[in-house]
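In this chain, numbering begins with 1 at the start of the sequence shown. Since this is a predicted model, take the numbers as computed values, not measurements.
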Amino acid sequence: MAMAEGGSAEHERDVAAAIERLRPVLGERLSTVLSVRAHHGQDQSYHPAALPDAVAFARSTEEVAAVVAACAEQRVAVVPYGVGSSIEGQIQAVRGGICIDLSGMDRVLELNAQDLDVRVEAGVTRKALNAHLRDTGLFFPIDPGADASLGGMASTRASGTNAVRYGTMRDNVLGLTVVLASGEVIRTGTRARKSSAGYDLTRLFVGAEGTLGVITEVQLRLYGQPEAISSAICGFPDTASAVEASTAIIQTGIPVARIEFLDDVQMQAAIAYSKLHDLPPLPTLFLEFHGSAAGVAEQAEATGAICRDLGGSAFAWATRAEERNRLWQARHDALYAALALRPGARSLTTDVCVPISRLAEAIALTREDLDRSGILAPIVGHVGDGNFHVLMLIDIEDTAELAVAKAANARLVERALALGGTSTGEHGVGSGKRAFMTAEHGPSLDVMRALKRALDPDGIMNPGKVLPEPTD
């Protein structure tokens, strides 16, 4: 068995003891095969791979609890794994240990259609849930693009294209089942829509990225399918006009369901990759409206007036489901489209979020900085809530080029914090943005560390993520 980074003979003995304890529980579903470990030691980011010593394929909360208890006894690291779609190094096993693959926990446990909620195991993906709900008239709206697991989405506090209307995972998780670092199982929250009883433990674990416990079940809010849905595209002469239009739409109070921004570089990529040849390579807003037929028409008319006042083109409409799906698939394929601009490159993908009144300034300064740096980097964003992404296309084997991109990323975060924003709006912290946590949170970071010590005194839960060491 290969040692983990910084490993030792003692570490190997501890891992071997945990594996021996778990063999009777999991049998062949506990793997030390190199290819399996390699698959579970790399997310979709540029961050280096870090392999676990073993991978446990759990099928129940009880099995997860058994794995964590065995690891706790030997003080072996535990790394939760959903589908591996994270992009800030959340699943890399930087201290080895045992990775718990939750993808086999894929059951919808309880659907309460009248109360608009559902309880699922952590391995259920968002697409699988919506397929299950197809004939109920309900849907789950959080859409980060990737077909991520709902446990993983809760762990990273994911959001996506619908967040401007429906909120993020933080707003849509009613309760959780969590395995703590001791192996103890707790349940947080209720099915009630609100509560004033005690500490909000649900929100504590949502966004903790597996550093406080392993989420095994999630109770979620659902929504009724809207009567009418219309999507539209609107091009602008420049980035500033497009972003200003998105800000004005939100400030006017128009209940737009999605409002996405693609700059001219990203539109050029999308046109080629997704065959949107009827569209010009201009800074573009992708919009969607939900509601009654009359409400959608009213929202679209008000939005169109704002866009025209700021130099926007006439809307290119997509009302049929297949047209809308094609449009939004092009948005979701932004990363793959961007990578096609520089074959062989990888993307240092990053995000920040700022108050919407500072969004135009933040994007303009970011574009100037990227152009000065010489980095090919499309910008896309969930501009309705001030969140935007930068896709820096680089040769990660070129240390000089990687250093330039990392420096640009650091300046991006510093700029966002200076404008009253955050280092990440939805990608999470992982290992990639730990270095910025002190600047963002200041003394309150000590409170987070105290919570971490209380719930995970031996530091076995997804170590090396989220919280920097006090000496960092």
Side-chain angles (χ1 to χ4, degrees), residues 1-8 10-12 14-15 18 37-56 67-68 71-72 74-82 84-102 151-152 155-157 178-181 204-205 207-215 348-350 396 402 406 409-410 413 423-424 427-441 445-472:
M1 181 184 302
M3 292 185 188
E5 183 180 352
S8 64
E10 182 180 3
H11 169 83
E12 288 198 338
D14 292 340
V15 171
R37 294 164 50 219
H39 176 74
H40 289 79
Q42 174 71 64
D43 62 8
Q44 305 226 339
S45 72
Y46 74 96
H47 299 291
L51 279 57
D53 295 287
V55 179
V67 174
V68 175
C71 290
Q74 301 299 326
R75 297 189 178 184
V76 169
V78 175
V79 182
Y81 181 98
S85 59
S86 56
I87 52 177
E88 281 294 355
Q90 278 93 345
I91 64 171
Q92 274 81 325
V94 296
R95 297 182 194 170
I98 296 181
C99 169
I100 304 178
D101 186 318
L102 299 152
S155 290
T156 56
R157 203 183 298 134
V178 181
V179 177
L180 300 179
L204 178 63
F205 289 102
E209 302 183 24
T211 62
L212 301 179
V214 181
I215 295 172
L348 191 161
T349 304
T350 186
I396 61 171
L402 180 59
K406 286 184 174 180
N409 183 36
V413 172
S423 59
T424 173
H427 292 174
V429 177
S431 58
K433 285 192 169 173
R434 291 170 73 217
F436 306 117
M437 291 288 280
T438 301
E440 179 164 345
H441 295 289
L445 197 60
D446 291 333
V447 179
M448 298 185 198
R449 292 192 179 107
L451 288 167
K452 169 73 169 172
R453 288 192 299 270
L455 291 172
D456 182 21
D458 293 321
I460 66 169
M461 304 306 295
N462 208 7
K465 316 295 169 57
V466 183
L467 300 181
E469 299 298 330
T471 55
D472 287 355

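Although no hydrogens or angles enter the test, the distance criterion places no donor-acceptor pair under 3.5 Å between the side chain of D53 and the main chain of I98. Without hydrogens or angle criteria, K465 side chain to G210 main chain gives no donor-acceptor distance under 3.5 Å. Looking at Q44, its side chain never comes within 3.5 Å of a backbone N or O of S85 through a donor-acceptor pair. Between the R75 side chain and the G459 main chain, no donor and acceptor come within less than 3.5 Å of each other. E88 contributes no side-chain N or O that, together with a main-chain N or O of S45, makes up a donor-acceptor pair within less than 3.5 Å. Q90 contributes no side-chain N or O that, together with a main-chain N or O of E209, makes up a donor-acceptor pair within less than 3.5 Å.
A heavy-atom distance below 4.5 Å is not found between the side chains of D43 and Y81. Using a 4.5 Å heavy-atom cutoff, the side chains of L402 and L348 are in contact. For the pair C99/Q92, no side-chain contact is recorded, criterion being any heavy-atom separation below 4.5 Å from C-beta on. Put simply, the side chain of I215 does not reach to within 4.5 Å of the side chain of L102, judged on heavy atoms.
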- Task: Go through the steps to decide whether V68 and I100 satisfy the test side chain to side chain contact (heavy atoms under 4.5 Å, CB included), and finish with yes or no.
- Result: CA-CA 9 Å; V68 175; I100 304 178; 3.9 Å; yes
- For L51 and H40, what are the C-alpha separation, side-chain angles and deciding distance, and is it a side chain to side chain contact (heavy atoms under 4.5 Å, CB included)? CA-CA 7 Å; L51 279 57; H40 289 79; over 6 Å; no
- Quick one: do V15 and Q74 satisfy side chain to side chain contact (heavy atoms under 4.5 Å, CB included)? Show the steps, please. CA-CA 7 Å; V15 171; Q74 301 299 326; over 6 Å; no
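Counting all heavy atoms, side chain and backbone alike, E469 lies closest to R95 at OE2-NH2, 3.7 Å. Contact between P463 and A77 at its shortest, heavy atoms only, is CG-CB, 3.7 Å. Between H427 and T349 the shortest heavy-atom distance is CE1-CG2, 3.7 Å. Here the closest non-hydrogen pair linking T438 and P468 is OG1-CG, 3.9 Å.
Each of D446, L467, D456, L204 was checked for a side-chain contact (heavy atoms from CB on, under 4.5 Å) with L451, and the lone residue meeting it is L204. The side chain to side chain donor-acceptor pair (under 3.5 Å) test with S423 singles out one residue from K433, E440, H441, and that residue is E440. Partner N462 forms a side-chain contact (heavy atoms from CB on, under 4.5 Å) with one of V214, V78, V79 and no other, that one being V79.
L212 CG to M448 CE: the interatomic distance, rounded to the nearest 0.5 Å, is 10.5 Å.
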